[in-house]
2 protein chains.
Amino acid sequence: MTDSEVGTRSTRQRQAVVSALEEATSFSTAQELHESLRARGTKVGLATVYRSLQRMADAGDVDVIRNDTGEAFYRRCSSHHHHHLICRECGRAVEVSGPAVEEWADRIASENGFSDVSHSLELVGTCNACAAGR
Amino acid sequence: MTDSEVGTRSTRQRQAVVSALEEATSFSTAQELHESLRARGTKVGLATVYRSLQRMADAGDVDVIRNDTGEAFYRRCSSHHHHHLICRECGRAVEVSGPAVEEWADRIASENGFSDVSHSLELVGTCNACAAGR
DNA sequence: TGATTGTCGAGAATGATTCTCATACTCTAG
DNA sequence: CTAGAGTATGAGAATCATTCTCGACAATCA
């Protein structure tokens with residue numbers, strides 16, 4: 001079995017994880033997704049949620065970010081390269097992209113003799129709705 | 001006791017953690033620092049290493065980044081705002097700063113109605129030494 | 001020196017994530 | 001449609017980094 005052959009079967013559990021992700025409006029942990037599935041009466045094992053998320057992350061179908069305690073958060077995202085602007089209060093996330101940043105990253109990398117550079121970038125702030133509600 | 005009053009005492013253990021950090025040429029985990037202290041014959045508890053690192057991180061004296069498995073890596077850094085360009089093979093880290101990125105982040109944030117925006121950015125690549133050695 | 005109070009250390013506890021392995025299910029060839 | 005092969009699942013154990021607990025110790029200061 002090669003890597004490209006795994007994760008191809010369509011099961012009730014995988015569809016459930018996908019739909020839970022699509023209902024979520026912000027980044028969610030595996031545990032939260034598992035809980036929301038249980039709450040709606042869909043029985044899916046926690047390990048399966050983790051496996052599904054990992055496979056989707058590997059395939060690039062979901063984005064993974066980590067908070068400052070190292071917990072992983074998942075979100076269904078567009079497939080092109082982008083970054084996130086996340087509200088620190090409500091968790092709402094906006095996809096943003098910045099050619100300027102990509103160019104800057106490449107330039108900095110080559111100036112320092114680095115090659116094959118990838119980058120991770122997240123913006124965290126307070127969205128207007130949350131700022132207004134205080 | 002207020003926050004400003006904690007972490008003021010000078011102890012052998014704290015000095016040891018600081019010196020271990022200064023000897024390290026790249027980002028290190030708490031476990032690695034603990035091990036290097038033990039290796040040189042300095043007895044310091046693991047919990048103390050964690051506590052010292054956390055306090056320094058809170059004070060802004062060290063930078064913390066996380067790898068893709070969520071483990072925390074620490075490094076003694078300059079105190080002004082900056083980012084890192086890290087070699088994925090040898091772990092060597094270069095501090096970089098980019099006014100362009102800061103401005104872009106602020107602009108994107110305000111365009112989307114976000115305020116109080118902070119950002120995290122890391123560049124990962126292969127340094128020239130490692131690229132040459134292959 | 002003695003009192004006060006922060007700090008240490010060993011090991012237990014925590015919590016997210018991964019692993020194990022017996023069982024159930026998908027998919028496809030026939 | 002059906003059996004067979006091989007993948008996927010689930011419950012709970014295992015892992016592993018990190019944090020907590022609490023009695024003992026040490027830094028600071030009068």
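Scope of the values below: all heavy atoms of this structure, side chains included, with no hydrogens, waters or symmetry mates. In what follows, chains carry the letters A, B, and so on, assigned in the order in which the sequence lines appear, proteins first and then strands, with residues in each chain numbered from 1.
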> For B/F73 and D/dA17, what is the distance between atoms CZ and P respectively, to the nearest whole Å?
Replying inline: 10 Å

>> I need the CD-P distance between B/Q13 and D/dC25, as an integer number of Å.
In response: 13 Å

>> Ring-plane angle category for A/W104 and B/H83, please: parallel below 30°, perpendicular beyond 60°, tilted otherwise.
In response: perpendicular

> When rounded to the nearest 0.5 angstrom, what distance separates CD in B/Q15 from OG in B/S52?
Replying inline: 10.5 Å

> Quick one: A/D58 CG to C/dT17 P, roughly how many Å, whole number?
Replying inline: 15 Å

> Taking CD from B/E32 and P from D/dA17, how many angstroms apart are they, rounded to a whole number?
Replying inline: 10 Å

>> Whole angstroms only, please: what is the OH-P distance between A/Y74 and C/dT17?
In response: 6 Å

> With respect to the phosphate group of C/dC27, does any side-chain polar atom (N or O) of A/T8 fall under 4.0 Å of OP1 or OP2?
Replying inline: no

> Rounded to the nearest 0.5 Å, what separation is found between the CZ atom of B/R12 and the OG1 atom of B/T48?
Replying inline: 9.0 Å

>> Can you tell me how far apart CG (B/L123) and CZ (B/R88) are? Round to the nearest 0.5 Å.
In response: 11.0 Å

> So which heavy atom on B/L85 is nearest to which on A/I108, and how close?
Replying inline: CD2-O, 4.1 Å

> Given A/Y74 and A/E32, is the side chain to side chain donor-acceptor pair (under 3.5 Å) satisfied, shown in steps?
Replying inline: CA-CA 10 Å; A/Y74 302 85; A/E32 287 168 351; over 6 Å; no

> Do B/R51 and C/dG6 have a side chain to base donor-acceptor pair shorter than 3.5 Å?
Replying inline: no

>> Rounded to whole Å, how long is the line connecting atom CG of A/N67 with atom P of C/dG15?
In response: 14 Å

> When all nucleic acid strands are considered with a 4.0 Å heavy-atom cut-off, which category describes B/S10: base, sugar-phosphate, or nothing?
Replying inline: sugar-phosphate

> Relative to each other, are the rings of B/H84 and B/F27 parallel, tilted or perpendicular (30° and 60° limits)?
Replying inline: perpendicular

>> With a 4.0 Å limit, can you tell me whether A/Q54 has a side-chain N or O closer than that to the phosphate oxygens OP1/OP2 of C/dT18?
In response: yes

> Within less than 4.0 Å of OP1 or OP2 of C/dC8, is there a side-chain N or O belonging to B/R12?
Replying inline: no

> How long is the span from the CZ atom in B/R75 to the CD atom in B/E95, to the nearest 0.5 Å?
Replying inline: 6.0 Å

>> Please confirm whether the shortest side-chain N or O distance from A/R14 to OP1 or OP2 of C/dT26 is below 4.0 Å.
In response: no

>> So for the helix from C/dT1-D/dA30 to C/dG30-D/dC1, with five pairs setting each end axis, what is the inter-axis angle to 10°?
In response: 30°

> Looking at DNA chain C, which of residues 35-49 of chain A put a heavy atom within less than 4.0 Å of it?
Replying inline: A/L46, A/A47

>> Let me confirm one number: the OG-CG distance from A/S79 to A/D61, rounded to the nearest 0.5 Å.
In response: 8.0 Å

> Which nucleotide sits closest to the side chain of B/R9: D/dA17, C/dG6, C/dT26?
Replying inline: C/dG6

>> If I take atom OH in residue A/Y50 and atom P in nucleotide D/dA11, what distance separates them, rounded to the nearest angstrom?
In response: 15 Å

> Atom CZ of B/F114 and atom SG of A/C130: how far apart are they, to the nearest 0.5 Å?
Replying inline: 8.0 Å

>> Rounding to an integer number of Å, can you tell me how far A/R55 CZ sits from C/dT17 P?
In response: 17 Å

